[in-house]
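Just below is one structure, and these are the notes that go with it.
Proteins get letters first, then strands, A, B, ... in listed order; numbering begins at 1 in each. Values below: all heavy atoms of this structure, side chains included; hydrogens, waters and symmetry mates excluded.
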Amino acid sequence: MDDDIVSTDRLTKRYGDRAAADRVSLTVRRGEVYGFLGPNGAGKTTTLRMLLGLVEPSGGSALVHGLPPGSPGALRRTGSLIEGPGFYPYLSGLENLRVVARYRGLGRREAEEALERVDLAERGKDRFRTYSLGMKQRLGVAAALMGRPDLLVLDEPTNGLDPAGMASMRRLIQDLSGDGQTVLLSSHLLAEVQQCCHRVGVIVDGRMSFEGTVADLRGARVLQVGAEPAERAAPIVKGAARAEVEQARDEDGRTVLTTEASGVDVPAMVRELVADGVDVHSVAVRERSLEDVFLTMTEAQR
Amino acid sequence: MNAWIDSTRAELRRLMLWPATWVLGGIWITLLFAFVFAFPYIAYRSGDQDAFQGGPTSELLASMLPQAAPASLIQGTPMFGGAVAMIFAALVVGNAYGWGTWKTVLTQGPGRLAATGGTLAAIGACVLGLVLFSTVFVLGMSSLVAAVESQDLVWPDWGETAASMGGTALVLGMWASGGAFLGALTRGPALSVGLGLLWTLVVENLLRGVAQLIDGLPAVVDRLPGSSAGSLAGALSSASGDAEGTPGVLDALSGPVAAGMLGGYVVVFLVLAFALVERRDVA
């Protein structure tokens, strides 16, 4: 049995001259939560649409459950929420799910269970058009859950949710993963991906620029030294780290020097700084935030 | 095959729960009531020959009795009924794009053919339901008129009634297919309804006006959807009553030719609707 539940090979979609997705190759392994990360307009949704057969690729190939994307066999085993939920505004949330259940060939119970799963049971009888953005989003997730598909494709599932909603969505995703379902989740929110994804793929301007674990993406840890004056502190820090030093200012306007943390003898460096008469305000070893990595990556591409 | 049945059932469920389905059906029944029974009856009661479409009062009464039911049923279809059916189908298909429900439906895995087929079959079922209800309504109302006016209750020729029901279904079905095609073409409810109404109410009438200017154009105009529908209504209603003067009812084509044209349009519109949904990206 193939362990890759989704795999694409140079999947491309062109609209005129512009490539919305340009030779995107990614793999999602069975049982993992895969974060598909990128800024707005990077090609995340276009790629996911191709995986669901909504959009015909201009080039490249893809397999979902080992089948061509969009084939009934692949879709029956995939639940999805793509770019906002599409429901009948005049039907209640429950009726909408019942209609979807009929399309999927499922029984009536499925709709009620799915509603409970996303905490919408109380409002299930209200019309969809009266729902808040967050409730609509949750109903979309409920529709994706029906029938317990092996693969869930969720495009920005926390869009429009308040902090409590986001937290419960993350819990839901972790539960799904715990139950053995595979989740392919797109997001432009790094914190979300950082907290619940096993692996991530980063797409910028239609191209994949990274695929691997969150730890790989972040790379090495960094050393941050708040020390002044900068012109005396920088050479010492640079000498200790044997790497480039970046200078920035913190919120109090003091210089902060950032460099790679690996192999630095921190106490020795601090002694040296103090001996040289440098004022040391702070010393910290940090993991690079995903946001930093991400911004570096997106700017490098532009 | 299961996917087709599941899709049809799902679509029927949501259409039956859609207020617009009942509003449009109600409009058609109201028009039928007003123009086939209410206004002629008022004219008949007033005894004024020119009150409603002219004619002697005895003819006016005859047009409301059960024997005229086949004509009563079909004569309103080319104009009002067709427009109602077209609006309905255009809204069903166009709104599915506007609401984003095509996306939801297609990602459930029925396959595009089955999903489209289910939608079209559900629209067809609604049209057939409307034809059946209209038939019962017309027979019921005309029996009521007969009772109120102390006329003998003479049922219409059942063969003619069946032909009229078939013709009504064909005319409404043709316009509904046209609406479904426009909905799929424009991927939205507003433009499809607008274009459809423009065609049914304006364009064909204008073409009819200028057709004489160009050799061969009249023959083409006679075979356009509206003319074919009007001709079928004309052919089927002439047997049981006089529908002359009813807007949209024509005698441009013979009954069989008109029916053949309508059948052809149904096939063409359905094939185009299938092809459009099947081939285009759902964005």
Legend entry - B:Val203: which of B:Leu224, B:Leu195, B:Leu198 passes side-chain contact (heavy atoms from CB on, under 4.5 Å):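 Answer after filtering B:Leu224, B:Leu195, B:Leu198: B:Leu198.
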From [X] [atom1] over to [Y] [atom2], what is the distance, rounded to the nearest 0.5 angstrom?
X: A:Asp4; Y: A:His65; atom1: CG; atom2: NE2; value: 12.5 Å
X: A:Leu176; Y: A:Leu172; atom1: CG; atom2: CG; value: 4.5 Å
X: A:Ile5; Y: A:Leu63; atom1: CD1; atom2: CG; value: 12.0 Å
X: B:Gln75; Y: B:Phe35; atom1: CD; atom2: CZ; value: 11.5 Å
X: B:Cys126; Y: B:Leu172; atom1: SG; atom2: CG; value: 12.0 Å

Inset, instruction - Examine B:Phe33 together with B:Phe37 and report whether their ring centres are nearer than 6.0 Å. - result: no
Please name the pair of heavy atoms, one in [X] and one in [Y], separated by the smallest distance, quoted to 0.1 Å.
X: B:Trp175; Y: B:Ala229; result: NE1-CB, 4.1 Å
X: B:Leu73; Y: B:Ser134; result: CD1-CB, 3.6 Å
X: B:Asp281; Y: A:Lys13; result: OD2-NZ, 2.9 Å
X: B:Leu128; Y: B:Ala169; result: CD2-CB, 4.1 Å
X: A:Leu26; Y: A:Phe36; result: CD2-CE1, 3.8 Å
X: A:Met208; Y: A:Gly201; result: CE-CA, 3.9 Å

Inset, instruction - Write out, in numerical order, the residues from residues 87-98 of chain A with a heavy atom short of 4.5 Å from a heavy atom in chain B. - result: A:Phe87, A:Tyr88, A:Pro89, A:Tyr90, A:Leu91, A:Glu95, A:Arg98
Legend entry - Proximal to chain B - members of residues 102-122 of chain A, heavy-atom separation under 4.5 Å: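 The stretch touches chain B at A:Arg102, A:Tyr103, A:Arg104, A:Gly105, A:Arg108.
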Inset, instruction - May I ask you to check whether over 12 heavy atoms, not counting those of A:Arg10, lie within 6.0 Å of atom CZ? - result: no
Legend entry - CZ (B:Arg9) with more than 12 external heavy atoms under 6.0 Å: no
Legend entry - Proximity breakdown for B:Arg279 and chain A, heavy-atom pairs closer than 4.5 Å: neither
Legend entry - Salt bridge present between A:Asp3 and A:Arg29 (N-O < 4.0 angstrom):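 The answer is no: the pair does not qualify as a salt bridge.
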Inset, instruction - Write out, in numerical order, the residues from residues 19-29 of chain B with a heavy atom short of 4.5 Å from a heavy atom in chain A. - result: B:Pro19
Legend entry - Sorted by number, residues from residues 89-111 of chain B in contact with chain A (heavy atoms, under 4.5 Å): B:Trp99, B:Gly100, B:Thr101, B:Lys103, B:Thr104, B:Val105, B:Leu106, B:Thr107, B:Gln108, B:Gly109, B:Pro110, B:Gly111
Legend entry - Under 3.5 Å donor-acceptor, A:Arg77 side chain and A:Leu151 backbone: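 Not at all, since once roles are kept as given, no pair shorter than 3.5 Å links the two residues.
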Legend entry - Main-chain N/O of A:Gly38 paired to A:Lys44 side chain as donor or acceptor, under 3.5 Å: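 Yes; judged by distance alone, with no hydrogens or angles, the pair exists.
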Inset, instruction - Measure distances from A:Thr46 to the heavy atoms of chain B and classify the residue's part below 4.5 Å as side chain, backbone, both or neither. - result: neither
Legend entry - Between A:Thr45, A:Leu81, A:Val55, the one whose heavy-atom pairs under 4.5 Å with chain B are most numerous: A:Val55
